[in-house]
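First the structure, in the form of structure tokens, and then the observations on it.
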Amino acid sequence: MSVASPENLPLILAGPILRKCTSNEVVWWVATKEPLKGTLSVYQGDTLLLDTELEAQRRYQVGKQAWVTLIQINGKLPVNVGLSYDLHTNEKNIATLAPHLLYQGEVRPHFTITDRADYILHGSCRAPHAECKDALAAADSKVASTPIQERPDMLLMSGDQIYADHVAGPLLNAITHVVDALGLMDEILPQSPIDCMQALHQHDEHLYGRQSLLPKSSSGWLSGKEKPIFSSKECVNHLITFSEFFAMYLLVWSPAMWSYLGKRYQNPPLNLTASNATKWQEETSLIDKFVSEIPFVARLMAHIPTYMIFDDHDVTDDWNLTIGWEKAAYENSFAHRIIGNGLMSYWLCQAWGNQPSRFNEEFHRYADNLFSARVADAHEEFVEYLYQFERWHYTTETSPKVVVLDTRTRRWRSESKMNKPSGLMDWEALIEFQQQLLHQDKVVVVSPAPMFGVKFIEALQRLATWLGQPLVIDAENWMAHPGSANTLLSIFTHTKTPTNFVILSGDVHYSFAYDIELRYRKSSPNIYQITCSGFKNQFPEPLLSICDTADTLLYSPRSPLNLLTKRKRLRIKKRTPTTRSRRKLVNQSAIGELKLSDTGKPSYIGLLTGENTTVEFKATSEE
């Protein structure tokens with residue numbers, strides 16, 4: 001079966017995704033096969049409120065038949081009322097171009113602009129090859145049956161929106177076909193065993209063999225032996241080029257290119273070994289299930305304002321975990337380029353829509369030089385610029401304010417050992433974070449990794465670090481670095497810390513909720529650590545059950561072991577999930593649901609699982 005001809009490509013390759021949403025500015029992200037012409041219009045009922053010319057929007061051509069446009073509409077729009085929007089291009093609209101985006105009875109997608117953040121959907125870690133169901137599809141089902149004024153205020157995606165370092169074989173095959181079909185740009189790969197992307201796709205190790213092509217280092221922190229720089233245990237299909245990263249975003253966010261490809265992605269290459277052929281069949285079944293749920297995910301993101309931040313897998317596993325890792329990665333031109341491609345695709349597909357004003361004209365000149373002018377060396381120059389960029393964090397214009405943290409690029413590096421985990425944020429970044437909290441009585445913080453995690457697991461991570469193997473069990477948490485841990489705890493003990501402080505996290509592939517207070521202080525702020533992970537991922541069993549039990553036994557509220565942790569000034573009470581087991585940790589694919597009172601205190605902390613069941617975390621009197 002051959003791929004359909006390019007003229008049969010759908011106009012809309014992915015999106016529109018509803019992004020930043022305020023009474024003065026609404027933003028949509030969309031990928032198309034050609035430059036959009038026409039208008040985007042916003043309605044209240046059948047009354048046109050505002051529209052904007054699509055030709056006037058900033059856009060980038062990333063392939064012969066691939067354009068990314070960020071549509072911004074500015075002007076006064078009503079708050080807390082039902083609105084809708086539509087694209088009018090080439091005498092067509094969303095109903096004809098992307099009918100899968102519409103709920104039953106709709107003629108165009110509906111949304112609400114709110115200045116509140118009282119009802120939040122949140123989570124992370126969406127692995128296409130995971131065996132569990134996609135909780136984002138379950139969230140779409142709930143939104144479909146919810147009146148528009150009662151729908152969530154926003155969807156917060158706290159990392160690992162893609163797994164660039166662990167791609168199933170059939171998905172990588174589909175990525176390759178998308179690159180070819182859209183004519184996505186090629187690139188020269190410096191200090192690499194393959195010259196360019198086209199050579200990579202023709203290489204015998206293109207599928208299930210990329211670990212042999214990925215960069216290696218003999219830096220001292222790797223014991224003087226040449227070892228892989230990228231630490232993922234499953235990097236046999238690691239993404240390498242910008243075009244591969246971009247194609248993956250199209251495939252995880254939209255059914256359009258899957259429909260165009262048909263079943264072609266399922267056809268394995270002829271040179272697979274017997275074991276890889278078996279793996280291919282298993283992965284094909286998993287990817288088929290993933291693809292069947294994508295239309296619902298796309299519909300959800302078309303209706304609910306969606307905000308995003310990266311974690312490691314959006315680029316590569318253990319990204320910037322230690323200064324030794326950074327030294328090995330950034331001194332190797334090939335590794336440097338791969339990480340840069342991950343950052344570039346993150347900006348284009350995720351960060352740009354969070355807060356467009358963060359990216360000024362200087363930033364866009366580098367993008368223009370690469371995507372529009374195709375200036376020589378523009379790719380490397382843009383990558384270098386991205387490495388120096390320090391404004392990935394942002395806040396929302398809501399009550400409570402939502403403060404989204406960059407815990408990956410502004411690390412507090414260890415000064416004692418090259419392989420000791422870095423702090424998740426350096427002193428300067430933490431002071432900027434503290435400034436965002438001043439004069440706030442309530443706040444929601446998005447930290448990709450939990451600020452207050454499971455103590456027993458953190459103890460195992462400390463042990464791995466002591467043994468010189470921090471990469472073995474991802475030994476990165478807020479308490480792993482003394483400087484960042486003490487500064488963070490000082491922020492919580494500051495007299496001007498908000499009264500109600502909610503922390504939303506993901507990363508760990510299980511879910512839990514803690515109520516936290518300061519010991520020995522009557523006027524302690526109310527701190528809530530709420531973790532949901534993953535959207536489509538789970539922790540290995542029975543390992544999680546063992547860790548859960550050990551944590552309960554060793555770190556009970558009165559255990560003297562608590563005095564040996566950096567959190568000895570805190571009293572932590574674990575919330576009990578409404579599951580049949582006695583465990584505090586929930587190991588199901590799920591999306592978090594958070595509802596806040598007017599004071600910013602949680603009135604409901606729960607999960608909507610991929611199986612469409614609900615779990616609530618009930619407050620308890622003891623840890």
Side-chain angles (χ1 to χ4, degrees), residues 121-127 130-135 138 158 160 447-464 473-475 477-479 502-517 527-559 561-562 565 567 570-595 602 604-623:
L121 298 179
H122 68 99
S124 72
C125 306
R126 185 164 172 249
E131 295 185 9
C132 48
K133 290 186 177 181
D134 195 334
S158 57
D160 299 342
S447 167
M451 288 184 170
F452 305 101
V454 178
K455 290 181 181 178
F456 177 73
I457 293 177
E458 290 181 356
L460 292 179
Q461 292 172 329
R462 285 198 300 274
L463 177 61
I473 54 172
D474 293 344
N477 58 70
W478 280 93
M479 299 299 120
V502 176
I503 306 160
L504 300 180
S505 303
D507 178 56
V508 291
H509 302 171
Y510 49 87
S511 303
F512 61 89
Y514 295 164
D515 295 352
I516 304 168
E517 295 178 343
I527 305 167
Y528 305 90
Q529 171 66 67
I530 304 169
T531 302
C532 178
S533 176
F535 287 142
K536 196 177 189 301
N537 216 333
Q538 291 177 277
F539 200 87
E541 290 288 7
L543 181 58
L544 187 64
S545 180
I546 295 170
C547 291
D548 194 339
T549 302
D551 189 69
T552 300
L553 293 174
L554 297 176
Y555 294 98
S556 65
R558 297 175 181 83
S559 170
L561 291 178
N562 290 313
T565 70
R567 288 180 268 170
L570 304 176
R571 179 184 294 109
I572 298 177
K573 299 178 182 178
K574 300 177 183 177
R575 289 200 171 213
T576 303
T578 55
T579 56
R580 294 181 180 179
S581 72
R582 300 177 62 184
R583 289 167 44 164
K584 304 296 185 180
L585 306 178
V586 177
N587 195 16
Q588 291 179 268
S589 64
I591 186 168
E593 288 191 277
L594 171 66
K595 295 182 180 180
Y604 176 82
I605 301 174
L607 303 172
L608 176 62
T609 74
E611 300 289 344
N612 261 307
T613 61
T614 58
V615 176
E616 183 177 359
F617 287 99
K618 297 278 192 178
T620 55
S621 58
E622 292 292 335
E623 180 166 325

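Please read all numbers here as calculations on a predicted model, not as lab measurements.
Nearest heavy atoms, Ser589 versus Ala135: C-CB, 4.2 Å. Ser511 and Cys532 get closest at one heavy-atom pair: OG-CA, 3.4 Å. Residues Pro577 and Phe617 share a closest heavy-atom pair of CB-CE2, 3.7 Å. In terms of heavy-atom proximity, Leu594 sits nearest to Pro602 at CD1-CB, 4.0 Å. Contact record, Ser124 with Gly506: OG-CA, 3.2 Å, taken as the closest heavy-atom pair. Taking all atoms of both residues into account, the shortest heavy-atom contact from Leu607 to Tyr604 is N-OH, 4.5 Å.
Residue pairs meeting the salt bridge (charged side-chain N to carboxylate O under 4.0 Å, His left out) criterion with at least one partner in residues 531-542, sequence neighbours excluded, are Glu541-Arg583.
Proximity of a side-chain donor or acceptor of Thr531 to a complementary backbone N or O of Ser505 within less than 3.5 Å is not detected. Side-chain N or O atoms of Glu593 include none that pairs as donor or acceptor with a backbone N or O of Gly606 at under 3.5 Å. A donor-acceptor pair under 3.5 Å links the side-chain atoms of Asp551 to the main chain of Phe456, judged by distance alone. The main-chain N or O of Ile516 is never found under 3.5 Å from a side-chain atom of Gln529 such that the two would form a donor-acceptor pair.
Rounding to the nearest 0.5 Å gives a distance of 9.5 Å between CG of Asn587 and OG of Ser545. For the atom pair CD1 of Ile530 and OH of Tyr514, the computed distance is 13.0 Å after rounding to the nearest 0.5 Å. Note that CD1 of Ile457 is 6.0 Å distant from CG of Leu544, once rounded to the nearest 0.5 Å. With rounding to the nearest 0.5 angstrom, the CG atom of Leu585 is 9.0 Å from the OG1 atom of Thr549. Taking NE2 of His509 as the reference point, atom CZ of Phe535 lies at 12.0 Å (rounded to 0.5 Å).
Under the rule for a side chain to side chain donor-acceptor pair (under 3.5 Å), the partners of Thr613 that lie at least two apart in sequence or sit in another chain are Thr609. In this view, Glu131 satisfies the salt bridge (charged side-chain N to carboxylate O under 4.0 Å, His left out) rule with no residue, not counting sequence neighbours. Checked against salt bridge (charged side-chain N to carboxylate O under 4.0 Å, His left out), Lys595 has no partners two or more places apart in sequence or in another chain. With sequence neighbours left out, Leu543 forms a side-chain contact (heavy atoms from CB on, under 4.5 Å) with Phe539, Cys547. For Thr576, the side chain to side chain donor-acceptor pair (under 3.5 Å) test picks out Lys584, with sequence neighbours left out. In terms of the side-chain contact (heavy atoms from CB on, under 4.5 Å) criterion, residue partners of Ala127 (sequence neighbours excluded) are, by chain and number, His129, Ala130, Tyr163, Asn537. For Ser158, there are no side chain to side chain donor-acceptor pair (under 3.5 Å) partners two or more places apart in sequence or in a different chain. Shown here are the side-chain contact (heavy atoms from CB on, under 4.5 Å) partners of Pro448, two or more places apart in sequence or in another chain: Ile309, Asp311, Thr407. With sequence neighbours excluded, no residue satisfies side chain to side chain donor-acceptor pair (under 3.5 Å) with Asp160.
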Show your working on side-chain contact (heavy atoms from CB on, under 4.5 Å) between Asn612 and Lys133 and close with a plain yes or no.
CA-CA 9 Å; Asn612 261 307; Lys133 290 186 177 181; over 6 Å; no
Where do Asp548 and Tyr510 land on the side-chain contact (heavy atoms from CB on, under 4.5 Å) test, with the steps shown first?
CA-CA 11 Å; Asp548 194 339; Tyr510 49 87; over 6 Å; no
Between Val586 and Phe512, does the side-chain contact (heavy atoms from CB on, under 4.5 Å) criterion hold? Intermediate values first, please.
CA-CA 6 Å; Val586 177; Phe512 61 89; over 6 Å; no
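For the residue pair Glu616 and Thr614, no side-chain donor N or O sits within less than 3.5 Å of a side-chain acceptor on the partner.
Counting heavy atoms from C-beta outward, Asp515 and Tyr528 have side chains that approach closer than 4.5 Å. Side chains of Ile527 and Phe452 form a contact here, defined as non-hydrogen atoms less than 4.5 Å apart.
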